[in-house]
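Just so we're on the same page: letters track the sequence lines, and every chain starts at 1.
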2 protein chains.
Amino acid sequence: MSNKNVFLKKYFLMTRSEENYLKTIFHLGGGDSKSITTNAIAEQMETKPSSVTDMAKKLSEKGLVDYVRYQGVSLTAVGVKTALSIIRKHRLWEVFLVKKLDFTWDEVHEVAEQLEHIKSEKLVDKIDELLDFPKYDPHGDPIPTKDGKFQERDEKLLSEMPINSQGVCVGVKDSSVPFLKFLDKNRIALGNTIKVLDKEDFDNSLRIQMDGKEMRISHQIAANLYVKKND
Amino acid sequence: MSNKNVFLKKYFLMTRSEENYLKTIFHLGGGDSKSITTNAIAEQMETKPSSVTDMAKKLSEKGLVDYVRYQGVSLTAVGVKTALSIIRKHRLWEVFLVKKLDFTWDEVHEVAEQLEHIKSEKLVDKIDELLDFPKYDPHGDPIPTKDGKFQERDEKLLSEMPINSQGVCVGVKDSSVPFLKFLDKNRIALGNTIKVLDKEDFDNSLRIQMDGKEMRISHQIAANLYVKKND
DNA sequence: AATTAAATTTAGACAAATCTAAAAATAGAT
DNA sequence: ATCTATTTTTAGATTTGTCTAAATTTAATT
Ligand SMILES: [Mn+2]
Ligand SMILES: [Mn+2]
Ligand SMILES: [Mn+2]
Ligand SMILES: [Mn+2]
């Protein structure tokens, strides 16, 4: 390989593994100059702390993270930007799979984990355009704009809503396949209007009214559903 | 990694590199139990013969190629099937990029080289459906069906057409970016009707009529355009 | 302040995919 | 049949990303 290409490789081209580390660090809060520990990253990525240390050095070398031995890593400005561009791709692909190819919301994550690493700026932008610039992914997570800005939304967990308040279900905190399938089975979907009728002190379960129908849901469910409060 | 996963990895999961080797061997004719030489593969893939030897052993171990030392490799039945599934994905993605995202035919190959390695049977099938089961890619290359069958087409090179015969331009033999851009510049596109008016003995150039307009093209151009003869 | 437990890093190993240089086999030409 | 040029393989090294086991640092507890 030529000298120029070695330079390009070292400073611009991201490997899939590097991209996954950046994404994980961001999701753990490392975008706000908060230090994320080696163990936390290892656990999240189902890898070993020693592997994380190796990668921390490499990403630090590339100027993508700040790394202090024994103290953990946080993302630099460039690191944040890079992480956001991967998250943007991931979420846009998820929307594409649901809206254009009839995937269900519990099927998209695994495929998006692969598609997010495709390198083509034009491709992402065109997918964005094809989808009419969506602001949220199928799980209600915000899609960063091209210049890395997030859509903020005034939302709270259903479990924290007061009795008699109501709102629209806009997202899930847990987006694991079992939880999403559970929601499908119980006809709980994003966009549904939910009113809190009553709370049970004993087990923190909720009695709710959803699109006319009444039902009881456990605290664990309510603590994983985001609701946008009606004005 | 568990024992079962090691087994799965060894016998079912293909790496990107393995997939690229299979594809190349197929394109060099290794699908018809013809032996492809180490050097030919190395040249095509811009790698070194020693690397090809290593991979030949690995693919042989996995039952995807027949490999005889010093004699080259050919694809097994499983190898052909695997190669075709990758080629199918590549060409379907190329169609998708052109038809749905307004990519030009000289832009799609590079991105398809990445997309062809995405692992999701449902994704390919749904893309196929979205495109209404196309039979040819943007360069006129046939798209293998799900069960690995090719659409044959009665086509010949424009350079081999007799004087006064005519047909429809259906494909390119050379699909390099410069050639495709040259065709665009000269308004030569798939679907155009071409009639051979005259051939020049001196340089083998052709005088043709294309959609009404007359023009002269060199032998090199004519030898890289596929034409479907009118009945 | 010293001890101990937990987190983190280092050292050394390994698999995948590649390379260079040297050795071996094949094929072509006398 | 022998020589020779070419092709192909082997041997050994390198890079990336991972692991285990041992050493080190930090944090918590007495
Ligand atoms: Mn996801
Ligand atoms: Mn999502
Ligand atoms: Mn192509
Ligand atoms: Mn093509």
Side-chain angles (χ1 to χ4, degrees), chain A residues 1-3 5-25 28 30 34-62 64-74 113-114 117 119, chain B residues 1-3 5-25 28 30 34-62 64-74 113-114 117 119:
Chain A
M1 224 187 293
S2 72
N3 251 9
N5 281 348
V6 170
F7 176 82
L8 283 174
K9 179 158 190 187
K10 189 159 182 191
Y11 291 100
F12 294 101
L13 294 183
M14 305 281 301
T15 67
R16 176 176 293 222
S17 186
E18 289 170 343
E19 291 186 343
N20 283 334
Y21 273 95
L22 287 186
K23 202 178 45 153
T24 301
I25 295 165
L28 291 172
K34 190 180 111 189
S35 244
I36 309 300
T37 67
T38 303
N39 260 11
I41 297 166
E43 190 181 359
Q44 181 74 21
M45 299 187 72
E46 298 186 84
T47 182
K48 302 293 168 183
S50 54
S51 305
V52 177
T53 299
D54 287 345
M55 187 55 84
K57 287 174 184 166
K58 192 186 312 178
L59 292 175
S60 166
E61 192 65 36
K62 285 193 172 192
L64 295 161
V65 303
D66 291 318
Y67 168 56
V68 183
R69 263 162 88 244
Y70 293 101
Q71 298 304 130
V73 295
S74 63
E113 285 288 301
Q114 299 179 62
H117 301 291
K119 270 135 191 109
Chain B
M1 225 188 288
S2 73
N3 252 9
N5 280 346
V6 169
F7 176 82
L8 283 174
K9 178 159 192 185
K10 188 159 184 190
Y11 291 99
F12 294 101
L13 294 182
M14 306 281 300
T15 67
R16 175 176 296 222
S17 186
E18 289 169 344
E19 290 185 343
N20 283 334
Y21 273 95
L22 287 186
K23 202 177 46 151
T24 301
I25 295 165
L28 291 172
K34 189 180 111 190
S35 245
I36 310 300
T37 67
T38 303
N39 261 10
I41 298 166
E43 190 180 0
Q44 181 76 21
M45 298 187 72
E46 299 184 84
T47 183
K48 302 291 167 184
S50 54
S51 305
V52 177
T53 300
D54 286 346
M55 187 55 84
K57 288 175 185 166
K58 194 186 311 177
L59 293 175
S60 165
E61 191 65 36
K62 285 192 173 193
L64 296 161
V65 303
D66 291 319
Y67 168 56
V68 183
R69 263 162 89 244
Y70 293 100
Q71 298 305 131
V73 295
S74 63
E113 284 288 302
Q114 299 178 60
H117 301 291
K119 271 135 190 111

Side chain to side chain, A:Leu64 and A:Met14, heavy atoms closer than 4.5 Å:
yes

To the nearest angstrom, the CD-P distance between B:Glu43 and D:dT6 comes to 15 Å

Whole-Å gap separating P (D:dT16) and CE (A:Met14):
13 Å

Does the side chain of B:Glu19 come within less than 4.5 Å of B:Lys119's, by heavy atoms?
yes

Closer than 4.0 Å, any side-chain N/O of A:Asn39 to the OP1 or OP2 of C:dA6?
no

Atom CD of A:Gln44 and atom P of C:dA7 are separated, to the nearest Å, by 17 Å

Gap between atoms CD1 and P, on B:Ile36 and D:dT7 respectively (whole Å):
16 Å

Write down the distance between CG (B:Leu13) and C1' (C:dA16), rounded to a whole number of angstrom.
14 Å

Give a yes/no answer on whether the side chain of A:Tyr67 brings an N or O atom under 4.0 Å of OP1 or OP2 in C:dT8.
no

Within this structure, what is the CG-NZ distance for the pair A:Leu28 and A:Lys34, rounded to the nearest 0.5 Å?
7.5 Å

So does B:Lys57 get a side-chain nitrogen or oxygen closer than 4.0 Å to the phosphate oxygens (OP1/OP2) of D:dT10?
yes

Strictly below 4.0 Å: does A:Thr47 bring a side-chain N or O up to OP1 or OP2 of D:dC19?
yes

Does a side-chain N or O of B:Ser17 approach OP1 or OP2 of C:dT18 to a distance below 4.0 Å, or not?
yes

Please state how far atom CD1 in B:Ile41 lies from atom C1' in C:dT18, giving the value in whole angstrom units.
16 Å

Is the closest side-chain heavy-atom distance between B:Asn20 and B:His117 below 4.5 Å?
yes

When you match B:Met55 and B:Ser50 each to their closest nucleotide on DNA chain C, which lands nearer the 5' end?
B:Met55

Given C:dT10, is OP1 or OP2 found less than 4.0 Å from the side-chain N or O atoms of A:Tyr70?
no

Between D:dT9 and B:Lys48, is there an OP1 or OP2 to side-chain N/O distance shorter than 4.0 Å?
no

Check whether any side-chain nitrogen or oxygen of A:Ser51 sits under 4.0 Å from OP1 or OP2 of D:dC19, and answer yes or no.
yes

B:Lys62 atom NZ is separated from C:dA16 atom C1', nearest whole Å, by 11 Å

About how many Å separate OH of B:Tyr21 and OG1 of B:Thr15, when rounded to the nearest 0.5 Å?
9.5 Å

Tell me: CG of A:Asp54 to C1' of D:dT18, nearest whole Å?
8 Å

Counting only side-chain nitrogens and oxygens, does A:Arg69 get under 4.0 Å of the OP1 or OP2 atom of C:dT10?
yes

Distance below 4.0 Å between A:Thr38 side-chain N/O and C:dT9 OP1 or OP2:
yes

